[in-house]
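See structure below.
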Protein chains: 2
Amino acid sequence: MDISTLGYALLAILARGPLSGYDLAQRMKKPIGFFWQSQLSQIYPELAHLEAQGCVTHKVIVQEDRPQKKVYTITDAGSTALKAWVTRSPTPPPERNELLLKTYAIWLADSEAAIELFRTQEQMHAERLALYEHDRIRIEQESGRVPHPHEPLFGNYATVRMGIAYEHEYVEWCHWMAEQFELALASQLQDSQ
Amino acid sequence: MDISTLGYALLAILARGPLSGYDLAQRMKKPIGFFWQSQLSQIYPELAHLEAQGCVTHKVIVQEDRPQKKVYTITDAGSTALKAWVTRSPTPPPERNELLLKTYAIWLADSEAAIELFRTQEQMHAERLALYEHDRIRIEQESGRVPHPHEPLFGNYATVRMGIAYEHEYVEWCHWMAEQFELALASQLQDSQ
DNA sequence: GATGACATGTAATCAGTTACATGATTAG
DNA sequence: CTAATCATGTAACTGATTACATGTCATC
């Protein structure tokens, strides 16, 4: 029995309550998607796999107003496997950041183009930051102040905290990058006069 | 003609000077590896592909003390393609952070196990932080103070700056996480007395 | 003579994305 | 009747990792 990371991701969501594959995909967008993404076409086979391993079971639910669906529930075996996994040190994943790769070769670019690139990135990350900060406040209001480490909402809070710190750094770095090229541009203009 | 991200990564390295496949793989470890990793078995076919596209050429160099090697040089076409690529906005990659996924389900864990996980992570990132900070100082000494945006060393400096900010945030967040579980543990012990 | 760094590749496998295929039900 | 959402899947392709395969040269 070996479970893929996606498998654990699905178990982590199902640990909070039963859901259909379609609904799992929705969760894979909104809160989970910030640190683990996945497509429906990958979720369905993975659910079948988890069921074959005895980590989940499903019931067909017939709905009147919508098409019928399969609602999956985590089993004791699944719960045990998930609990064992959460505190196992993850193997450091191969880093892959295309923006940093571009940055490594950015000395080749025109200042104007570089400034545009980093201003755009700065704005993008500022938007995400605002989104996360909104989420953080929502969570703090839902539970009185900071959630306790043993309630599910703590998972949301802790990850959103990381998101805020991450996006905050990103925005500042992008800002610094654009600034460097603006300074270079200014001194170029001065030289040509 | 379409070039993969790995292809651009190789071009970005070759833009600083000709190298063999083996040497490119070395660079893929030391400075580039922090934001783009790759194996030799992927590099060799990619170099052949780049050569077929006219982005690089190679010469066989016979060495006396070592086996012969193929040294690759970037062409004008390769240089043009690279320069056009560096300032194109990258498509945001699907986020995938296993530690955050575990964090989302960490409320299921025992406080002791959680503390160990985050203390270990904190130490790991503190080590990387020290490594990056050392690198930053080395670069600042090599060039008088901050490298100019249009010299190659700026690429190294800018990426290492991001690395420092990132690892710094990571260390702080891990520390906060461990602290949350230590507080939970302390209040548990108090309750049982 | 064995080990390790240098050097270049191919083959099998895996995880994940995109495209394809089908169908129910509701709202406009 | 048409588009959007809900709902479940399969198939083809792509990028990357791991394992396999071969060989040179220097040092211990």
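Order of the sequence lines fixes the chain letters, A, B, ..., with proteins taken first and strands second; residue numbering starts at 1 for each chain. Quantities reported herein were computed from a predicted structural model and do not represent experimental measurements.
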Q. Can you check ring-ring contact (aromatic ring centres under 6.0 Å, His included) on Trp176(B) and Phe118(B), steps first, answer last?
A. CA-CA 9 Å; Trp176(B) 179 83; Phe118(B) 290 108; 9.3 Å; no
**Q.** Pi-cation contact, Tyr104(A) with Arg16(B) (under 6.0 Å, within 45°)
**A.** yes
Q) Quick one: NZ on Lys59(A) to OG on Ser20(A), what's the gap to the nearest 0.5 Å? A) 14.5 Å
**Q.** Set of residues satisfying side chain to side chain contact (heavy atoms under 4.5 Å, CB included) with respect to Phe34(A), sequence neighbours excluded
**A.** Leu131(A), Tyr132(A)
Check: residues 89-96 of chain B side-chain donor-acceptor pairs under 3.5 Å, at least two apart:
residue  : atom : partner  : partner atom : Å
Arg96(B) : NH2  : Gln37(A) : O            : 2.7

**Q.** Geometric class of the His125(A)/Tyr166(A) ring pair [parallel <30°, tilted 30-60°, perpendicular >60°]
**A.** perpendicular
Q: Walking along DNA chain C from 5' to 3', note the first and the last nucleotide with an atom under 4.0 Å from a heavy atom of chain A, and give both.
A: dG16(C) to dT26(C)
Q: Check the hydrophobic clustering (I, L, V, M, F, W, Y; side-chain heavy atoms under 4.5 Å; chains of links allowed) and say if Leu153(A) and Phe35(A) are grouped together.
A: yes
Return the polar atom pairs (N/O with N/O) between nucleotides 16-19 of chain D and the protein under 3.5 Å, or none.
residue : atom : partner  : partner atom : Å
dA16(D) : OP2  : Gln42(B) : NE2          : 2.8
dA16(D) : O5'  : Gln42(B) : NE2          : 3.3
dA16(D) : O3'  : Arg96(A) : NH2          : 3.4
dT17(D) : OP1  : Arg96(A) : NH2          : 3.1
dT17(D) : OP2  : Gln42(B) : OE1          : 3.4
dT18(D) : O4   : Ser41(B) : OG           : 2.7

Q: Take the angle between the ring planes of Trp85(A) and Tyr8(A) and call it parallel below 30°, perpendicular above 60°, tilted in between.
A: parallel
Q) What are the residues of residues 81-92 of chain B, sorted by number, that bring a heavy atom to within less than 4.0 Å of DNA chain C? A) none
Q | Contacts of Glu127(A) that satisfy side chain to side chain contact (heavy atoms under 4.5 Å, CB included) - sequence neighbours left out | A | Gln123(A)
Q | Value in whole Å for how far the P atom of dC6(D) lies from CG of Leu24(A) | A | 14 Å
Q: Output all residues satisfying side chain to side chain contact (heavy atoms under 4.5 Å, CB included) with Ser38(A), sequence neighbours left out; order by chain, then residue number.
A: Leu6(A), Met28(A), Gln42(A), Ile43(A)
For residues 140-148 of chain B, run the donor-acceptor check on the side chains, cut-off 3.5 Å, and write out each pair with its distance to 0.1 Å, sequence neighbours left out.
residue   : atom : partner   : partner atom : Å
Glu140(B) : OE2  : Arg136(B) : NE           : 3.2
Glu140(B) : OE2  : Tyr157(B) : OH           : 3.0
Glu142(B) : OE2  : Arg138(B) : NH1          : 2.7
Ser143(B) : OG   : Ile139(B) : O            : 3.2
Ser143(B) : OG   : Arg145(B) : O            : 2.9
His148(B) : ND1  : His150(B) : N            : 3.1

(Q) Which residue in the set Glu169(B), Gln121(B), Arg119(B), Met124(B) passes side-chain contact (heavy atoms from CB on, under 4.5 Å) when paired with Cys174(B)? (A) Gln121(B)
Q. To the nearest 0.5 Å, what is the distance between OG (Ser79(A)) and CG (Leu108(B))?
A. 6.0 Å
Q | Residues forming a side chain to side chain donor-acceptor pair (under 3.5 Å) with His134(B), sequence neighbours excluded | A | none
Q) Listed in order of residue number, which residues of residues 49-74 of chain B have a non-hydrogen atom at under 4.0 Å from DNA chain D? A) Glu64(B), Asp65(B), Arg66(B), Pro67(B)
Q: Mind running a 4.0 Å heavy-atom check of residues 9-22 of chain B against DNA chain D and sending the residues that fall below it, in number order?
A: none
**Q.** Residues that Val60(B) engages under side chain to side chain contact (heavy atoms under 4.5 Å, CB included), provided they are two or more places apart
**A.** His58(B), Gln68(B), Lys70(B)
